[in-house]
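One structure below.
Note that the structure is a prediction, hence the values are computed from the model and not measured.
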Amino acid sequence: MRVTFVHADGKQRTEAEAVPGSILLDVAQAHMMPLEGTCEGQMACSTCHVIVAKEDFDRLPPASEMEEDMLDLAAGVRRTSRLSCQIVLTPDLEGLTVHIPAESRNMQGPR
């Protein structure tokens with residue numbers, strides 16, 4: 001399945017192929033997107049925050065209360081913000097587009 005990452009500059013895009021069942025954070029990191037995921041998907045940080053394209057947001061299952069709490073700590077949160085560690089890619093999400101927030105900084109460097 002295809003996922004599009006819009007870079008923080010808003011201009012560059014990375015098209016990624018993913019296997020259904022993959023976690024969006026893992027796909028992003030495999031394609032060198034600057035998402036730390038410091039807590040390794042345990043929902044104890046907000047360093048994997050992405051902004052889901054408006055037209056795709058309603059295709060996602062609702063965020064849990066715990067995810068909403070973590071998003072409160074993220075920089076540059078928008079109405080369509082989600083934690084990429086909580087997005088499991090399913091066939092229903094084919095063509096998903098997410099934006100890397102301009103405030104995103106990967107302090108761990110490339111993986």
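Residue E40 holds its CD atom at 10.0 Å from CG of D26, rounded to the nearest 0.5 Å. K54 NZ to T97 OG1: the interatomic distance, rounded to the nearest 0.5 Å, is 13.5 Å.
Checking side-chain atoms of R82 against main-chain N and O of T80 turns up no donor-acceptor pair under 3.5 Å.
Hydrophobic cluster membership is shared by L60 and V98, with clusters built from Ile, Leu, Val, Met, Phe, Trp and Tyr side chains linked at under 4.5 angstrom. Cluster membership for V3 and I23, using ILVMFWY side-chain heavy atoms within less than 4.5 angstrom, is shared. Under the 4.5 Å side-chain heavy-atom criterion for ILVMFWY residues, no single connected hydrophobic cluster contains both I51 and M70. Following chains of ILVMFWY side-chain contacts shorter than 4.5 Å, one cannot reach M43 starting from L24, and the two form parts of different hydrophobic clusters.
Within the 4.5 Å cutoff, the side chain of M1 has no heavy atoms near those of the V19 side chain. Under the 4.5 Å side-chain criterion, counting only non-hydrogen atoms from C-beta, T14 is not in contact with T4. For the pair H99 and V50, the minimum side-chain heavy-atom distance is 4.5 Å or more. Between P34 and I100, some side-chain heavy-atom pair lies under the 4.5 Å cut-off. At a threshold of 4.5 Å between non-hydrogen side-chain atoms, the residues L35 and L25 count as touching. Using a 4.5 Å cut-off on side-chain heavy atoms (C-beta onward), F5 and Q12 make no contact.
For R59, the salt bridge (Lys or Arg N to Asp or Glu O under 4.0 Å) partners are D56, not counting sequence neighbours. Residues that satisfy the side-chain hydrogen bond (donor to acceptor under 3.5 Å, both in side chains) test with R13, not counting sequence neighbours, are absent from this structure.
Contact record, L83 with C45: CD1-O, 4.1 Å, taken as the closest heavy-atom pair. Heavy atoms only, all atoms of each residue included: A8 and P101 are closest at CB-O, 3.7 Å. Residues E36 and T38 share a closest heavy-atom pair of OE1-OG1, 2.8 Å.
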Output a table of donor-acceptor pairs, distance under 3.5 Å, between side-chain atoms of residues 84-96 and any protein atom two or more places apart or on a different chain; print 'none' if there are none.
unit_1	atom_1	unit_2	atom_2	d
S84	OG	C48	O	2.9
E94	OE1	R2	N	3.1
E94	OE2	R2	N	3.4

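Judged purely by distance below 3.5 Å, without hydrogens or angles, the side chains of S81 and H49 pair a donor atom with an acceptor atom.
Residue-environment remark: CD (E65) stays at or below the threshold of 12 foreign heavy atoms within 6.0 Å.
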